[in-house]
Protein chains: 2
Amino acid sequence: MSKSGCDPNDALACCSTPLVREPMTGARADAVAPLLRALGDPVRLRLMSMVVSHENAEACVCDLLPAFDLSQPTISHHLKVLHETGLLDREKRGVWVYYQARPEALAALAGLFASEDLGMVTGASA
Amino acid sequence: MSKSGCDPNDALACCSTPLVREPMTGARADAVAPLLRALGDPVRLRLMSMVVSHENAEACVCDLLPAFDLSQPTISHHLKVLHETGLLDREKRGVWVYYQARPEALAALAGLFASEDLGMVTGASA
DNA sequence: CATCAATACTGACAGGCATCGATGTCTTGG
DNA sequence: CCAAGACATCGATGCCTGTCAGTATTGATG
């Protein structure tokens, strides 16, 4: 079960509304912020990038560990955070645990920062 | 001056490379993560959204304060964090301080999550 | 100049988080 | 059945951060 009231599915479902269209409600911000906070750590951001850009868009802990000067429990902890936030999927195959990125999560974040309106915003301020 | 070694300009300059293309370097992650961390707080995410979607894409503290159950110093603190991270610009006009979103910062984040490769990633895993 | 309003700054405290060492669990191989 | 490797979990520790109360600063007004 999840640790708190943050439901990843809920977060993904509501991210489709760009934050430039209208003021974000408190509930929506509470749902989206954990995604950004999870990627707000340099280690987790690198882990996410490594998994996504890895072959077949998946990687096991043994692939990721050598890139850091951190202990294995620490890496495991960060992967767990990314998993609980809904950014990574876990799949155990034999002895190894493979983490896969969830494209819909990244797509949700991309939609959040949808830049279609940004040009309009810049022009409107003049 | 910035509080730490995080240079907003550096962060914005390097964000243009999507994190799905190749593994992110440690230095790059250190530069980008603060942007995501800054928006990883629900209050700051709402503040950012409110400023961007506000009339003329700017808002003063007195416009933002009533939407929260927080004290004025707390709101000011969060705005300061967003400003130091390079997400908001400050402009003092008379008694009021107007905060304006920096479109290039949001564009940088949008570029980070550029979804052009996501479809390829999903397909490639099959 | 005196007063008031709006905002920023400082110090302090509580809570959360990143990290580690030690240990447990599960799978594979002999 | 035992040993070894891969990964997760637990408990502890130190740092970071969100929050507030109080105070200083700045500009408008009379």
Side-chain angles (χ1 to χ4, degrees), chain A residues 1-6 26 29-30 33-48 50-51 54 58-85 87-100, chain B residues 1-6 26 29-30 33-48 50-51 54 58-85 87-100:
Chain A
M1 63 191 72
S2 301
K3 51 181 177 180
S4 66
C6 166
D30 289 341
L35 290 174
L36 296 169
R37 164 167 295 189
L39 293 178
D41 184 275
V43 174
R44 286 197 291 265
L45 189 57
R46 282 183 68 194
L47 283 172
M48 192 71 190
M50 290 174 68
V51 169
H54 201 263
E58 66 177 12
C60 66
V61 181
C62 55
D63 290 329
L64 306 170
L65 198 50
F68 298 89
D69 276 338
L70 296 174
S71 67
Q72 175 265 322
T74 298
I75 298 298
S76 241
H77 162 70
H78 285 302
L79 288 171
K80 181 182 180 182
V81 171
L82 290 171
H83 172 60
E84 287 179 340
T85 318
L87 288 164
L88 287 181
D89 268 337
R90 284 190 51 182
E91 186 182 349
K92 186 165 187 175
R93 291 206 295 271
V95 189
W96 295 279
V97 174
Y98 287 83
Y99 285 88
Q100 310 171 354
Chain B
M1 64 197 75
S2 299
K3 53 180 177 180
S4 66
C6 163
D30 289 341
L35 289 175
L36 296 168
R37 165 168 295 189
L39 292 178
D41 183 275
V43 173
R44 287 197 290 264
L45 189 57
R46 283 184 67 195
L47 283 172
M48 192 71 188
M50 290 174 70
V51 169
H54 200 265
E58 65 178 14
C60 65
V61 181
C62 55
D63 289 329
L64 306 170
L65 196 52
F68 299 89
D69 276 339
L70 297 174
S71 66
Q72 175 268 323
T74 297
I75 297 298
S76 236
H77 162 72
H78 285 301
L79 289 171
K80 181 182 179 181
V81 171
L82 291 171
H83 172 60
E84 288 178 340
T85 318
L87 287 163
L88 288 181
D89 266 338
R90 285 189 51 182
E91 185 183 350
K92 188 163 188 176
R93 290 207 294 270
V95 190
W96 294 277
V97 174
Y98 286 83
Y99 287 89
Q100 309 171 357

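Predicted model only: the values in this text are computed from it and were never measured. Order of the sequence lines sets the chain letters (A, B, ...), proteins ahead of strands, with each chain counted from 1. As a basis for the values below, the full set of heavy atoms in this structure was taken, side chains included, without hydrogen atoms, waters or symmetry mates.
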Does the side chain of [Y] come within less than 4.5 Å of [X]'s, by heavy atoms?
{"X": "B:Q100", "Y": "B:V51", "answer": "no"}
{"X": "B:L88", "Y": "B:L47", "answer": "no"}
{"X": "B:Y99", "Y": "B:R90", "answer": "yes"}
{"X": "A:L45", "Y": "B:D30", "answer": "no"}
{"X": "B:L64", "Y": "B:L79", "answer": "yes"}

Any idea which heavy atoms bring [X] and [Y] closest together, and the distance?
{"X": "A:P66", "Y": "A:C62", "result": "CD-O, 3.2 Å"}
{"X": "A:V81", "Y": "A:A38", "result": "CG1-CB, 4.4 Å"}
{"X": "A:A67", "Y": "A:R46", "result": "O-NH2, 3.4 Å"}

Between atom [atom1] in [X] and atom [atom2] in [N], what is the gap in whole Å?
{"X": "B:E91", "N": "C:dA6", "atom1": "CD", "atom2": "P", "result": "20 Å"}
{"X": "A:F68", "N": "D:dC7", "atom1": "CZ", "atom2": "P", "result": "14 Å"}
{"X": "A:L39", "N": "C:dA18", "atom1": "CG", "atom2": "C1'", "result": "16 Å"}
{"X": "B:E84", "N": "D:dG18", "atom1": "CD", "atom2": "P", "result": "12 Å"}
{"X": "B:I75", "N": "C:dC9", "atom1": "CD1", "atom2": "P", "result": "16 Å"}
{"X": "A:L79", "N": "D:dA6", "atom1": "CG", "atom2": "P", "result": "16 Å"}

message: Need the bend value for the helix from C:dC1-D:dG30 to C:dG30-D:dC1: angle between end axes, 5 pairs each end, nearest 10°.
response: 20°
- request: Looking at every strand, decide which applies to B:R93 at a 4.0 Å heavy-atom threshold: base, sugar-phosphate, or nothing.
  value: nothing
message: Mind checking if B:Y99 touches a base, just sugar-phosphate, or nothing, with heavy atoms under 4.0 Å?
response: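 B:Y99: backbone/sugar contact only, no base atoms under 4.0 Å.
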query: Can you list, by residue number, the residues of residues 58-66 of chain B that have a non-hydrogen atom closer than 4.0 angstrom to DNA chain D?
result: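 Output list: empty, so none.
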Check: protein-nucleotides 19-23 of chain C nitrogen or oxygen pairs below 3.5 Å:
| residue | atom | partner | partner atom | Å |
| --- | --- | --- | --- | --- |
| C:dT19 | OP2 | A:H78 | NE2 | 2.2 |
| C:dC20 | OP2 | A:S71 | N | 3.0 |
| C:dC20 | OP2 | A:S71 | OG | 3.0 |
| C:dC20 | OP2 | A:T74 | OG1 | 2.7 |

task: Taking only the side-chain heavy atoms of B:K80 (C-beta and beyond), determine which of C:dC9, C:dT7, D:dT26 contains the nearest atom.
output: C:dC9
query: From D:dG18, C:dT7, C:dC9, pick the nucleotide closest to the side chain of B:W96?
result: C:dT7
- prompt: With sequence neighbours left out, what residues match B:R44 under side chain to side chain donor-acceptor pair (under 3.5 Å)?
  reply: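 Partners of B:R44 under the side chain to side chain donor-acceptor pair (under 3.5 Å) test: B:H78.
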task: State whether B:R37 places a side-chain N or O below 4.0 Å from either non-bridging phosphate oxygen (OP1 or OP2) of D:dT17.
output: yes
task: Could you list the residues that satisfy side chain to side chain contact (heavy atoms under 4.5 Å, CB included) with B:H54, not counting sequence neighbours?
output: B:A59, B:D63
task: Please name all residues satisfying side chain to side chain contact (heavy atoms under 4.5 Å, CB included) with B:L65, sequence neighbours left out, ordered by chain then number.
output: B:Q72, B:I75
